[in-house]
Amino acid sequence: MAFDIDIGFTSLAGTKPVNEDFCAAMLPEAHQLGMGSIVALADGVSAGGMGKEAAQTTVTSLVRDYYATPETWDTTVALDRIIGAQNAWLAGINRRRKPAMGLTTLTAVVLRGQSYTVAHVGDSRAYLLRDGVFTQLSHDHVADHPDLRHQLLRAVGIDERLLVDYLQGDLQVGDVFVLLTDGVHGVLADPQLQALAQADSAKHAAENLVQAALQRGSRDNLTAMVVRVLGLLDATLEDENRAARALPIPGPFRVGDMLDGLVVTAMVADNGINVVVQVREPKTQALYALKTLHPSRAHDPQERAMLAHEAWLAKRMLSGRAADHLVALHATFPTNSASGQPASAFYLLYDWHSGETLQQMLDRQHKFSVHQAVSAARQVAQALGWLHRQNVIHRDIKPANLHQGEDGVLRLLDLGVALSGREPEAMRKLHAGTPSYINPEQWGFSLLGSDAPEELPNPQSDLFALGVTLYQLLTHKLPYGDVLPYQVGRYYREPTAPSRHNPEVPIWLDHVVLKAVARDQRQRFETGEEFLLALERGASRPLTAPAPSPRLRRDPTAMWKLGLLVSALFNLLLVYWLLFLPK
């Protein structure tokens with residue numbers, strides 16, 4: 001199941017002949033763990049009749065149809081669509097019947113990732129017991145008069161337009177959710193409810209609540225549901241998005257500033273969109289890299305969503321084999337695991353590794369040996385293979401995002417523009433990456449010509465960027481030249497073999513690199529494993545040199561240029577004949 005939870009419920013007719021209350025809980029199937037668990041309770045309205053049927057159909061449709069909604073939907077959206085459809089059906093029946101019948105209250109709680117969502121209509125209630133504090137999460141929709149407390153102002157089926165109350169919050173281990181109909185909470189005070197909810201199991205707590213209400217003389221149906229949260233899994237993308245919307249953006253930073261018990265020790269990077277600073281935890285003296293948005297982007301919802309996606313993706317990757325070549329991310333929601341304090345702002349906290357990026361090594365004119373370059377490419381190819389198996393495309397492989405740690409491990413940095421299938425739509429459409437490392441298809445260059453439509457990034461995009469990076473490590477040059485941000489890549493010539501720039505590069509490595517950066521995508525490596533195998537085999541089983549692309553494929557305008565040249569020569573000959581030859 002999605003959570004380690006304990007669920008108990010009890011529902012009795014009490015002194016009434018028919019029990020018009022109804023409750024249900026549903027846990028996700030193995031392939032839907034990300035949807036979480038749902039519990040719901042309804043109290044059918046006796047007036048007009050059919051209250052029992054309304055309560056049963058409303059709760060049943062909600063808990064079943066919830067798992068039929070797309071996992072990408074926000075929980076409130078999914079619940080609102082289902083409740084709205086049920087309300088429209090009941091209200092449609094009531095348009096033809098007077099007085100209204102088939103009305104019901106509804107209170108539901110969804111536990112998903114590291115957050116909870118409460119949906120509520122009517123006078124049934126939801127409570128949360130946390131750290132000894134008993135809090136009512138719902139608001140009764142009844143007339144504000146002591147003698148009219150039984151009169152509902154809102155109920156499912158009472159009107160064609162239904163306004164549902166929603167409340168979302170953070171989940172913690174030890175939380176206890178209590179759902180009650182008015183037959184229970186109407187006769188027991190909050191201190192009694194709190195004491196009874198602290199039983200050793202959810203089942204015993206629900207039974208104790210109902211029996212105590214009966215003993216206090218309740219004359220209504222009695223239903224109690226208790227959910228105890230015993231353990232949580234990792235935060236969902238929805239959790240991260242909610243944190244991104246709710247928490248402020250920290251900064252601007254100065255060395256010596258404090259944030260959640262962390263001390264800023266150095267400024268690392270600032271590109272106008274994201275800011276990265278080095279921070280230290282005073283007690284352990286551990287160093288971390290703190291990444292957040294630039295203050296000027298604090299109110300940009302798309303940038304917040306992209307940073308939230310990076311947080312979710314980085315945590316998701318920690319459980320895979322690619323984690324060995326990624327920087328570990330510490331939880332910043334709902335608490336900062338480095339300091340143990342609640343996070344006061346939205347930021348990402350990564351491990352700090354001593355060392356330098358390959359770009360820093362290139363900038364100080366470090367000469368990579370063939371062995372060093374191949375070793376780095378092998379580690380990256382292996383990591384990309386693992387990422388691609390999990391349907392993740394890095395989208396910005398380059399020397400600046402490859403960090404060589406002092407521990408000898410090469411790590412991939414910056415998942416900020418990575419694609420996972422769950423990224424924001426604006427991020428998917430963004431022409432991300434560094435121009436000099438982007439494959440021709442993303443620029444619209446292909447065998448179809450320069451007017452071909454631009455293609456979205458795919459695993460081959462990362463492998464092309466790795467080929468460009470390997471070429472650069474070996475030669476300190478780029479195979480297709482440097483492309484500035486406001487320019488478009490130029491792929492009208494075949495790249496020069498690396499050995500022409502660096503005689504130490506063997507021929508077999510020439511063939512591997514030229515295959516990786518080939519203009520024709522059909523000649524390139526298709527998977528990281530294929531690239532890795534070619535590097536490991538080396539000279540023992542060398543690849544054949546990729547065939548050069550025909551001139552017309554490299555430059556679709558070549559035919560027009562040739563025609564223009566022939567026409568110009570013909571016109572020159574004609575002018576010469578008219579001016580100088582005897583008539």
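Bear in mind that the values here come from a model prediction, so they are computed numbers and not experimental data. Numbers here simply count residues along the sequence, with the first being 1.
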A.B. asks: Counting only heavy atoms not in K16, do more than 12 fall under 6.0 Å of its NZ?
C.D. replies: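 Buried by this count: over 12 neighbours within 6.0 Å.
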
A.B. asks: Can you check whether T181's main-chain N or O pairs, donor with acceptor, with T223's side chain at less than 3.5 Å?
C.D. replies: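 Such a contact is absent between T223 side chain and T181 backbone.
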
A.B. asks: In the structure I gave you, are the side-chain heavy atoms of V409 and D324 within less than 4.5 Å of one another anywhere?
C.D. replies: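 No, side chains not in contact.
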
A.B. asks: Please determine whether the number of non-hydrogen atoms from other residues, nucleotides or ligands lying under 6.0 Å from atom CD of Q285 exceeds 12.
C.D. replies: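 Yes - once you tally the heavy atoms of other residues, nucleotides and ligands closer than 6.0 Å, there are more than 12.
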
A.B. asks: Mind telling me whether H330 and Y288 have parallel, tilted or perpendicular rings, with 30° and 60° as the class edges?
C.D. replies: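 Aromatic pair Y288/H330 classed perpendicular.
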
A.B. asks: For M26, is there any backbone N or O sitting under 3.5 Å from a side-chain donor or acceptor partner on Y67?
C.D. replies: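 Checked: pair present.
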
A.B. asks: Using a 3.5 Å distance criterion without hydrogens, assess whether the side chain of N221 forms a donor-acceptor pair with backbone atoms of S11.
C.D. replies: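 Not at all, since once roles are kept as given, no pair shorter than 3.5 Å links the two residues.
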
A.B. asks: Only pairs at least two apart or in different chains count here, so list each salt bridge (charged side-chain N to carboxylate O under 4.0 Å, His left out) that has a residue in residues 124-139.
C.D. replies: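 Residue pairs with at least one partner in residues 124-139: R125-D140, R130-D175.
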
A.B. asks: With rounding to the nearest 0.5 Å, note down the distance linking CG in D74 to CD in Q168.
C.D. replies: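 Output value for this atom pair is 5.5 Å.
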
A.B. asks: Is a side-chain donor or acceptor of D21 paired with a backbone partner of A13 at a separation under 3.5 angstrom?
C.D. replies: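 Not a single qualifying donor-acceptor pair exists.
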
A.B. asks: Measure the spacing between CG of L384 and CG of L412 and express it to the nearest 0.5 Å.
C.D. replies: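 One gets 5.5 Å once the value is rounded to the nearest 0.5 Å.
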
A.B. asks: Could you give the distance from CG (L348) to NZ (K315), rounded to the nearest 0.5 Å?
C.D. replies: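 The NZ atom of K315 is 7.5 Å from CG of L348, to the nearest 0.5 Å.
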
A.B. asks: Should M35 and T69 count as side-chain neighbours, where that means a heavy-atom distance under 4.5 Å?
C.D. replies: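 Of all side-chain heavy-atom pairs linking T69 with M35, at least one is under 4.5 Å.
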
A.B. asks: Any donor and acceptor pair, going by atom type alone, linking the side chain of S461 with main-chain N or O of N458 inside 3.5 Å?
C.D. replies: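 Flag set: sc S461 to bb N458 pair under 3.5 Å.
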
A.B. asks: Specify the closest pair of heavy atoms between A418 and H309, including all atoms of both residues, with the distance to one decimal.
C.D. replies: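 Distance-wise, the nearest heavy atoms are O-CE1, 3.3 Å.
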
A.B. asks: Determine, step by step, whether N87 and V164 satisfy the side-chain contact (heavy atoms from CB on, under 4.5 Å) criterion, reporting the C-alpha distance in whole Å, the side-chain angles of both residues, the deciding distance to 0.1 Å, and the verdict.
C.D. replies: CA-CA 11 Å; N87 177 76; V164 182; over 6 Å; no

A.B. asks: Report yes if the side chains of S420 and W312 come closer than 4.5 Å at any heavy-atom pair, otherwise no.
C.D. replies: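 A side-chain contact under 4.5 Å exists here.
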
A.B. asks: Less than 4.5 Å apart, side chain to side chain, heavy atoms only: is that true for D270 and H294?
C.D. replies: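 Heavy-atom side-chain distance check passes, below 4.5 Å.
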
A.B. asks: How would you list, by chain and number, every residue that makes a ring pair (Phe, Tyr, Trp, His ring centres under 6.0 Å) with F9, sequence neighbours excluded?
C.D. replies: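 If we apply the ring pair (Phe, Tyr, Trp, His ring centres under 6.0 Å) test to F9, skipping adjacent residues, there are no hits.
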
A.B. asks: Ignoring hydrogens and geometry, is there a side-chain-to-backbone donor-acceptor pair from N274 to L293 under 3.5 Å?
C.D. replies: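 Judged by distance alone, no pair lies under 3.5 Å.
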
A.B. asks: If I compare all heavy atoms of E310 with all of Y350, which pair ends up nearest, and what's the gap?
C.D. replies: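 Residues E310 and Y350, closest heavy atoms: OE2-OH, 2.8 Å.
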
A.B. asks: Just to verify, what does E20 make a salt bridge (Lys or Arg N to Asp or Glu O under 4.0 Å) with, not counting sequence neighbours?
C.D. replies: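 For E20, no residue satisfies salt bridge (Lys or Arg N to Asp or Glu O under 4.0 Å) once neighbours in sequence are set aside.
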
A.B. asks: Tell me every residue that passes salt bridge (Lys or Arg N to Asp or Glu O under 4.0 Å) with D65, counting only those two or more places apart in sequence or in another chain.
C.D. replies: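 Applying salt bridge (Lys or Arg N to Asp or Glu O under 4.0 Å) to D65 gives none.
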
A.B. asks: To the nearest 0.5 Å, tell me how far R304 CZ sits from R297 CZ.
C.D. replies: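 So the gap between those two atoms works out to 13.0 Å.
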
A.B. asks: What's the shortest heavy-atom distance between T105 and G122, and which atoms?
C.D. replies: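 T105 and G122 have their closest heavy atoms at CG2-CA, 3.9 Å.
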
A.B. asks: Walk me through whether D260 and S344 qualify under side chain to side chain donor-acceptor pair (under 3.5 Å).
C.D. replies: CA-CA 7 Å; D260 295 340; S344 63; 2.7 Å; yes

A.B. asks: Taking Q194 for its side chain and G132 for its backbone only, find out whether a donor-acceptor pair lies under 3.5 Å.
C.D. replies: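 Judged by distance alone, yes, a pair lies under 3.5 Å.
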
A.B. asks: When you look at L137 and H120, which way does the side-chain contact (heavy atoms from CB on, under 4.5 Å) test go after all the steps?
C.D. replies: CA-CA 9 Å; L137 301 178; H120 170 70; over 6 Å; no

A.B. asks: How close do A224 and L180 get, heavy atom to heavy atom, and via which atoms?
C.D. replies: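 Taking every non-hydrogen atom into account, CB-CD2, 3.5 Å.
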
A.B. asks: For residues 209-219, dump all side-chain donor-acceptor pairs below 3.5 Å to protein atoms at least two apart in sequence or in another chain.
C.D. replies:
from	atom 1	to	atom 2	distance (Å)
R216	NH1	Q192	OE1	3.3
S218	OG	G183	O	2.6

A.B. asks: Would you say the side-chain atoms of Q86 and T58 include a donor-acceptor pair closer than 3.5 Å?
C.D. replies: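 On atom types as modelled, these side chains qualify, holding a pair under 3.5 Å.
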
A.B. asks: Check whether E281 reaches the backbone of T284 with its side chain - one donor and one acceptor, N or O, closer than 3.5 Å.
C.D. replies: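 Between the backbone of T284 and the side chain of E281 there is a qualifying donor-acceptor contact (under 3.5 Å).
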
A.B. asks: Show your reasoning for whether side chain to side chain donor-acceptor pair (under 3.5 Å) applies to D165 and H141.
C.D. replies: CA-CA 10 Å; D165 289 349; H141 300 138; 2.6 Å; yes

A.B. asks: For R280 and T265, test the side chains for any donor-to-acceptor distance below 3.5 angstrom and give the result as yes or no.
C.D. replies: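 The answer is no; no qualifying pair exists.
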
A.B. asks: Using side-chain contact (heavy atoms from CB on, under 4.5 Å), reason through V133 and T135 one step at a time and then give a plain yes or no.
C.D. replies: CA-CA 6 Å; V133 179; T135 306; 3.7 Å; yes

A.B. asks: Under a 3.5 Å distance rule, please check whether R228 uses its side chain to pair with a backbone N or O of D200 as donor and acceptor.
C.D. replies: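 Yes; at least one donor-acceptor contact below 3.5 Å.
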
A.B. asks: Where the side chain of D170 meets the backbone of S115, is there a donor-acceptor pair that is under 3.5 Å apart?
C.D. replies: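 Here the side-chain-to-backbone pair does not exist.
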
A.B. asks: Could you check whether atom CE of M427 has more than 12 heavy atoms from other residues, nucleotides or ligands sitting under 6.0 Å from it?
C.D. replies: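 Atom CE in M427 is packed in, count exceeds 12.
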
A.B. asks: Taking atom NE2 of H139 and atom CG of D123, what is their separation to the nearest 0.5 Å?
C.D. replies: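 Those atoms lie 11.0 Å apart.
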
A.B. asks: Would V229 and Y116 satisfy side-chain contact (heavy atoms from CB on, under 4.5 Å), going step by step from the backbone distance to the final call?
C.D. replies: CA-CA 11 Å; V229 180; Y116 67 84; over 6 Å; no

A.B. asks: Looking at every heavy atom in both A40 and V63, which two are closest together, and how far apart are they?
C.D. replies: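 Closest approach of A40 to V63, heavy atoms only: CB-CG1, 4.1 Å.
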
A.B. asks: Within the 4.5 Å heavy-atom criterion, are I5 and F177 side-chain neighbours or not?
C.D. replies: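 No, every pair of side-chain atoms sits at 4.5 Å or beyond.
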
A.B. asks: Is any side-chain heavy atom of D396 closer than 4.5 Å to one of H394?
C.D. replies: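 Yes; the side chains approach each other to less than 4.5 Å.
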
A.B. asks: If every non-hydrogen atom of L79 is compared with every non-hydrogen atom of A119, which pair is closest and at what distance?
C.D. replies: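 Answer, listing the atom of L79 first, then A119: CD1-CB, 4.0 Å.
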
A.B. asks: Pick out which of D80, T117, T75 makes a side chain to side chain donor-acceptor pair (under 3.5 Å) with Y166.
C.D. replies: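 That would be D80; it is the only one of D80, T117, T75 passing the side chain to side chain donor-acceptor pair (under 3.5 Å) with Y166.
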
A.B. asks: How many angstroms lie between CG in L103 and CG in L152, if you round to the nearest 0.5 Å?
C.D. replies: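 One finds 8.5 Å between CG of L103 and CG of L152.
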
A.B. asks: What residues, two or more places apart in sequence or in another chain, satisfy salt bridge (Lys or Arg N to Asp or Glu O under 4.0 Å) together with D182?
C.D. replies: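 Expected list: none.
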
A.B. asks: Below 4.5 Å, heavy atoms only, C-beta onward: do M225 and T107 meet side chain to side chain?
C.D. replies: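 Side chain of M225 against side chain of T107, heavy atoms only: no contact under 4.5 Å found.
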
A.B. asks: Is F346 close to I249 at the side-chain level, that is, under 4.5 Å between some pair of heavy atoms?
C.D. replies: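 SC-SC contact between I249 and F346 confirmed.
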
